[in-house]
Amino acid sequence: MITLRHITYTYPQAAEAALRDVSLEIGAGEFVLVVGESGAGKSSLLRLFNGLVPHFTGGRVSGEALVAGHNPITAGPSVMSRHVGFVFQNPEAQMVLAEVEPEIAFGLENLGYPPDEMRLRVEEVLSLLDLAHLRQRPLITLSGGERQRVAIACALALRPQILVLDEPTSQLDPQSAEEVLQALVRLNEDLGLTIILAEHRLERVLRYADRLLYIRDGQLAADGSPAEVCPVLPHNPPLVQVALALGWRPLPLTIKAGQKFAGVQRSGGAEERRGQATNDKGQMTNDPLLEVQGVRMGYGGQEVLRGVEVAVGAGGGGGVDGAQWARARRRCCAG
């Protein structure tokens with residue numbers, strides 16, 4: 001679907017190249033995650049796929065590129081927009097009209113599609129992205145996730161072979177971000193659409209990616225499966241950090257996948273804790289590992305904790321008798 005050979009790109013009047021000797025191949029139907037620090041060259045790479053680089057940005061580009069059978073360096077966005085749908089970080093930046101349905105039809109109108117064909121395609125993407133109930137809604141009344149799905153619908157109305165998204169969830173709350181990602185997963189799995197997504201918050205999307213491209217200083221520093229590339233990334237989601245530190249293999253990318261490792265770890269940890277909670281004669285002791293006495297806390301002039309007393313013994317279960325717990329509960333809940 002995409003082939004790049006020794007691509008080097010420099011923005012106008014820039015001292016250094018934004019992309020340096022990048023070569024890669026992306027197959028049809030892949031879900032590719034592009035990662036890297038800010039300014040590493042991710043957006044420049046994505047904009048090359050649909051001809052915005054260099055036709056919109058200017059500058060100098062060398063090397064060979066073939067995207068969906070076309071050369072984006074020579075063809076430009078007017079041709080590539082039919083083959084590569086592009087969704088920006090801020091959905092408002094690419095919206096023109098006031099309501100959902102006319103906005104989706106806008107690109108089709110500009111390309112001169114017949115009215116019947118436009119209606120068919122608009123209905124298709126409204127249904128595909130669960131937007132039919134919003135068709136007459138003003139765009140300003142939509143949530144961030146809904147606006148981003150409308151932006152995706154605008155791109156899909158042209159029936160591209162590739163969908164490219166530049167940090168589409170960076171301005172969304174967790175629930176809206178998950179809605180957008182689930183829509184992308186359905187497009188990839190049900191339609192076989194090639195998805196190329198740049199994202200900083202890897203914990204949201206890592207589980208869905210078939211492949212990671214790690215861009216560093218304009219170069220392709222690593223290319224492979226998430227399990228292969230994550231160990232060389234400077235920043236990873238918390239689960240992956242724990243897995244790498246403890247040597248879990250194969251590398252878990254979801255909580256579900258990490259549970260079996262965590263279960264083994266807990267068993268080993270419990271044995272270690274039981275061994276520590278003994279005296280010099282090897283006898284188990286009742287000394288608490290965590291003890292809190294007389295804690296008081298408040299904010300905004302309101303006291304919320306009053307004389308809390310808690311003791312936690314070895315193994316996380318012992319050390320708090322019923323009377324202690326009842327007293328702590330009464331004091332915490334007083335007032």
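Because the structure is a prediction, the values reported are computed rather than measured.
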Trainee: Do P160 and H83 have side-chain heavy atoms sitting under 4.5 Å apart?
Mentor: no
Trainee: Would T8 and D21 count as having a side-chain donor-acceptor pair, cut-off 3.5 Å?
Mentor: no
Trainee: Taking the side chain as every heavy atom from C-beta outward, state whether V35 and I215 have any atom pair closer than 4.5 Å.
Mentor: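 Side-chain contact under 4.5 Å: no.
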Trainee: With distance as the sole test, does S170 use its side chain to make a donor-acceptor pair with the main-chain N or O of E167 at under 3.5 Å?
Mentor: yes
Trainee: Nearest 0.5 Å, what's the CH2-CG distance between W248 and L239?
Mentor: 6.5 Å
Trainee: Does P91 offer a backbone N or O that forms a donor-acceptor pair with the side chain of Q94 under 3.5 Å?
Mentor: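 No; zero donor-acceptor contacts below 3.5 Å.
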Trainee: Does any non-hydrogen side-chain atom of R5 lie less than 4.5 Å from one of T3?
Mentor: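 They are in side-chain contact.
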Trainee: List the steps, then state whether side-chain contact (heavy atoms from CB on, under 4.5 Å) holds for E291 with E309.
Mentor: CA-CA 8 Å; E291 190 169 8; E309 296 179 4; over 6 Å; no
Trainee: With a 3.5 Å distance limit and no angle check, can you tell me whether N236 reaches the backbone of C230 through a side-chain donor-acceptor pair?
Mentor: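 Yes: the side chain of N236 pairs with the backbone of C230.
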Trainee: Please assess E37 against R216 for the test salt bridge (Lys or Arg N to Asp or Glu O under 4.0 Å), listing each intermediate value before the final yes or no.
Mentor: CA-CA 7 Å; E37 301 288 341; R216 183 178 61 201; over 6 Å; no
Trainee: For I2 and L66, what are the C-alpha separation, side-chain angles and deciding distance, and is it a side-chain contact (heavy atoms from CB on, under 4.5 Å)?
Mentor: CA-CA 6 Å; I2 296 175; L66 193 65; over 6 Å; no
Trainee: What heavy-atom pair brings F86 and L46 nearest, and what distance separates the two atoms?
Mentor: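 Answer, listing the atom of F86 first, then L46: CE1-O, 3.5 Å.
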Trainee: So, D130 side chain and L126 main chain: donor-acceptor pair closer than 3.5 Å or not?
Mentor: no
Trainee: Measure the spacing between CG of L4 and CG of L45 and express it to the nearest 0.5 Å.
Mentor: 6.5 Å
Trainee: Can you tell me how far CD of E30 sits from CG of N188, rounded to the nearest 0.5 angstrom?
Mentor: 9.5 Å
Trainee: For the CZ atom of R149 and the OG atom of S176, what is their distance to the nearest 0.5 Å?
Mentor: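 If I round to the nearest 0.5 Å, the distance is 8.5 Å.
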Trainee: In sequence, state the C-alpha distance, the side-chain angles, and the governing distance for L24 and I7, and then conclude on side-chain contact (heavy atoms from CB on, under 4.5 Å).
Mentor: CA-CA 9 Å; L24 59 87; I7 290 291; over 6 Å; no
Trainee: Please evaluate residues V150 and L142 with respect to the criterion side-chain contact (heavy atoms from CB on, under 4.5 Å), reporting the C-alpha separation (whole Å), side-chain torsions for both, the decisive distance (0.1 Å), and the verdict.
Mentor: CA-CA 10 Å; V150 170; L142 302 183; 3.9 Å; yes
Trainee: With a 4.0 Å cut-off, would you call E117 and R121 a salt bridge?
Mentor: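 Here E117 pairs with R121 in a salt bridge, since their nearest N and O are under 4.0 Å apart.
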Trainee: Could you tell me whether the side chain of R60 and the main chain of T10 form a donor-acceptor pair under 3.5 Å?
Mentor: no
Trainee: Where is the tightest heavy-atom contact between T254 and R207, given as atom of each residue plus distance?
Mentor: CG2-CB, 3.6 Å
Trainee: When you check the gap from the basic side-chain N to the acidic O, do D166 and K42 get nearer than 4.0 Å?
Mentor: no
Trainee: Could you state the interatomic distance from CG (L305) to CE (M297), rounded to the nearest 0.5 Å?
Mentor: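 Interatomic distance, L305 CG to M297 CE, rounded to 0.5 Å: 4.5 Å.
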Trainee: Hey, does the side chain of E146 reach the backbone of S143 with a donor-acceptor pair shorter than 3.5 angstrom?
Mentor: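 Indeed, once roles are kept as given, a pair shorter than 3.5 Å links the two residues.
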Trainee: Among side-chain atoms of E199 and T169, is any donor-acceptor pair under 3.5 angstrom?
Mentor: yes
Trainee: Return yes if some donor-acceptor pair links the side-chain N/O of E103 with the main-chain N/O of L97 below 3.5 Å, else return no.
Mentor: yes
Trainee: Crowded around E16 CD? As in, over 12 foreign heavy atoms under 6.0 Å?
Mentor: no
Trainee: Out of R137, Q136, R135, which one pairs with E101 under the side chain to side chain donor-acceptor pair (under 3.5 Å) rule?
Mentor: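 Per the side chain to side chain donor-acceptor pair (under 3.5 Å) rule, the option paired with E101 is R135, out of R137, Q136, R135.
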Trainee: Is atom CD of Q241 surrounded by more than 12 heavy atoms (other residues, nucleotides or ligands) closer than 6.0 Å?
Mentor: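 Buried by this count: over 12 neighbours within 6.0 Å.
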Trainee: Are more than 12 heavy atoms, taken from residues, nucleotides or ligands other than R204, located less than 6.0 Å from that residue's CZ atom?
Mentor: yes
Trainee: Around atom CZ of R159, are there more than 12 heavy atoms from other residues, nucleotides or ligands closer than 6.0 Å?
Mentor: yes
Trainee: Which class fits the ring pair Y9 and Y11: parallel under 30°, tilted 30 to 60°, perpendicular over 60°?
Mentor: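 Because their plane-to-plane angle is over 60°, the rings of Y9 and Y11 count as perpendicular.
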Trainee: Determine the interplanar angle of the F31 and Y208 rings, folded into 0 to 90°, and report it as parallel if under 30°, tilted if 30 to 60°, perpendicular if over 60°.
Mentor: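 Ring orientation of F31 relative to Y208: tilted.
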Trainee: Measure the OH-CE distance between Y113 and M118 for me, rounded to the nearest 0.5 Å.
Mentor: 11.0 Å
Trainee: Can you check whether H6's main-chain N or O pairs, donor with acceptor, with S23's side chain at less than 3.5 Å?
Mentor: yes
